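Here the structure comes first, spelled out in structure tokens, and everything after it is commentary.
For ligands, and for the atoms within them, numbers begin at 1 and follow the listed sequence. Just so you know, these numbers come straight off a predicted model, no measurement behind them.
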Amino acid sequence: MKLAAIVLAAGFGKRMKSSMPKVLHTVLGRPILKYVLDAVSALSPLQTVVVVGYGAEEVKSSLGLHGIKYAYQKKRLGTGHAAACARTELSKFKGNVLILNGDFPLITSKSLKRFLGAHEKSGSKISVLTAMVDDPSGYGRVVIDKARNLERIVEEKDASAEQRKIKEINSGTYIVSSDILWPLLKGIKPENKQKEYYLTDIIEIARKRKFTVSAVRVSDSTEILGINDRVELSQIEAIMRTRVNERVMNSGVTLIDPGLTHISSDAVIGRDAVIYPGTHVYGQTRIGRESIIGPNVWIKDSTIGNGVTVRSSCYITGASVGDGVTVGPFAHLRPEARILKGAKVGNFVEIKKSTVGPGSKVSHLSYIGDATLGKDVNIGAGTITCNYDGINKHKTEIADKVFIGSDTMLVAPVKVGKGAVTGAGSTITKDVPEGALAIGRARQTVIENWQQKTSEKASKNKSTANSKSKSSTRNKTTSGKSARGKK
Ligand code: UD1
Ligand code: CA
């Protein structure tokens with residue numbers, strides 16, 4: 001049968017105490033809602049409608065996903081009201097409608113597929129995905145009659161002491177046949193402690209209308225854990241971390257301390273890579289085979305080749321690093337930094353929107369921005385590309401085999417030709433031709449016997465001072481000490 005999905009994500013997330021919509025809070029660097037949408041999209045629904053409300057624009061722009069329609073819930077009147085908001089988008093759809101909360105990122109596509117399979121097999125018009133848990137607090141309890149039929153769902157706030165003891169809970173995931181969904185939603189009344197339209201009430205209404213309702217238990221109850229506050233956010237982050245890290249380790253990657261290693265489910269890491277603790281691998285990042293990363297490295301949306309070493313405390317975003325490169329410790333690779341095969345980026349080096357050619361070295365204390373470095377270039381310590389004149393950014397082009405002396409200022413736009421050399425401490429403002437040596441610095445002045453002259457002057461001062469006043473010994477030592485510093 002055909003499938004459509006409604007994801008409820010309009011809530012404020014009051015318990016998060018945040019100005020950001022709850023579903024945009026992140027787990028391993030990805031918005032909560034994205035996990036739910038990924039699990040849903042694996043079922044290839046014909047249509048997916050995300051109901052947004054609080055922070056709607058923020059949610060839409062941060063997801064920016066294709067193949068998704070949005071419905072807007074103007075007032076947060078409850079989950080039942082939210083689901084009804086998707087009606088216009090799904091008015092022509094006929095088939096099964098999967099409805100689920102946007103705040104439970106641990107749900108897997110496997111469990112959703114199993115749920116859908118069980119629903120279709122049951123022949124019921126409605127199914128609810130439930131879970132058995134040790135601590136049901138906060139969740140709606142599933143009330144089942146003697147014949148194992150799902151009778152209704154009672155929210156904790158509305159439950160009797162007896163009902164609260166029930167350990168089977170509602171996951172907030174339902175499949176409802178489109179032909180009965182909209183009439184059922186219309187039947188919901190906000191008659192409960194919270195004065196909200198509860199989506200869960202469709203179960204009782206359906207039973208009254210003589211429809212059969214199935215309860216399908218999820219096999220791993222952690223999958224349905226919802227995020228309502230920051231404590232739950234941290235707990236789910238920990239579960240997700242374990243889940244992803246186990247998958248990563250089982251694919252042949254060594255994590256020295258998985259409890260302290262944070263890898264996004266979007267990341268791909270090659271065999272025999274070794275990741276040291278305190279490392280975060282986020283976004284669309286790829287790390288090649290046999291690369292060694294960390295400790296304490298942040299990598300986001302970057303491509304790291306094979307056999308790369310990224311040493312301690314590097315921050316890498318939107319960069320690409322070729323095979324066999326070494327980076328760090330303490331290097332900063334910013335967006336569009338391209339470090340080609342076998343190059344080296346050393347400590348306290350920042351690289352932005354620049355290409356460092358194969359085998360080239362920027363080993364110490366440099367800023368390279370808007371620059372192109374050819375093959376086998378050597379950049380001396382403390383070199384800076386002065387790329388910004390306060391209004392515009394300008395380019396620096398350094399050809400193959402150039403040797404840039406330490407502490408060179410390359411005032412862009414400027415080109416240094418193949419094999420050219422710059423003298424240490426130079427400020428290079430004009431292009432340097434191929435094979436040339438460019439020196440642009442103040443000439444050194446040497447004053448001979450400086451030390452002798454100054455001490456002679458000092459002792460002369462001292463004797464004049466003594467003849468004027470012999471009273472204070474403290475004065476003597478002070479003037480004696482400071483003489484060297486003066487003039
Ligand atoms: C809901 C269920 C509860 C279940 C639990 C599972 C109801 C009444 N209760 O409770 O039985 O055990 O989920 O996690 O459905 N939302 C809207 N608009 C609204 C209200 C909520 O879009 O007006 C969205 C929220 O953004 C959220 C989802 O619906 O993604 C669930 O809302 P939430 O307030 O977290 O429901 P729970 O109290 O957790
Ligand atoms: Ca919830």
Heavy-atom pair of closest approach, residues S18 and H25: OG-NE2, 2.9 Å

Charged N to carboxylate O below 4.0 Å: is that the case for K352 and D370? yes

For the Ca ion (ligand 2), every protein N/O/S atom that sits closer than 3.0 Å, waters excluded: D103 OD2, N228 OD1

If we count only N and O atoms by modelled type, under 3.5 Å, do the side chains of D201 and Y197 hold a donor and an acceptor together? no

When every non-hydrogen atom of S127 is compared with those of S122, the smallest separation belongs to OG-OG, 4.2 Å

Show which side-chain atoms of residues 317-336 pair as donor or acceptor with protein atoms under 3.5 Å away, not counting sequence neighbours.
| from | atom 1 | to | atom 2 | distance (Å) |
| --- | --- | --- | --- | --- |
| D323 | OD1 | N306 | N | 2.9 |
| R334 | NH1 | E350 | OE2 | 2.6 |

Pick out which of K193, K165, R164, R141 makes a salt bridge (charged side-chain N to carboxylate O under 4.0 Å, His left out) with E156. R141

Taking only distance into account, with no hydrogens and no angle test, what donor-acceptor pairs under 3.5 Å do side-chain atoms of residues 97-109 form with protein atoms, sequence neighbours excluded?
| from | atom 1 | to | atom 2 | distance (Å) |
| --- | --- | --- | --- | --- |
| D103 | OD2 | K22 | NZ | 2.9 |
| T108 | OG1 | S111 | N | 3.2 |
| T108 | OG1 | S111 | OG | 3.2 |
| T108 | OG1 | E223 | OE1 | 3.0 |
| T108 | OG1 | E223 | OE2 | 3.3 |

Within 45 degrees of the ring normal and closer than 6.0 Å to the centroid, is that where the cationic atom of K300 sits relative to Y282? no

For ligand 1, protein residues within the heavy-atom limit of under 4.0 Å are L8, A9, A10, G11, R15, K22, Q73, R76, L77, G78, T79, A82, N101, G102, D103, Y139, G140, E155, N170, S171, Y198, T200, N228

Should the pair H280 and H262 be assigned to parallel (<30°), tilted (30 to 60°) or perpendicular (>60°) ring geometry? parallel

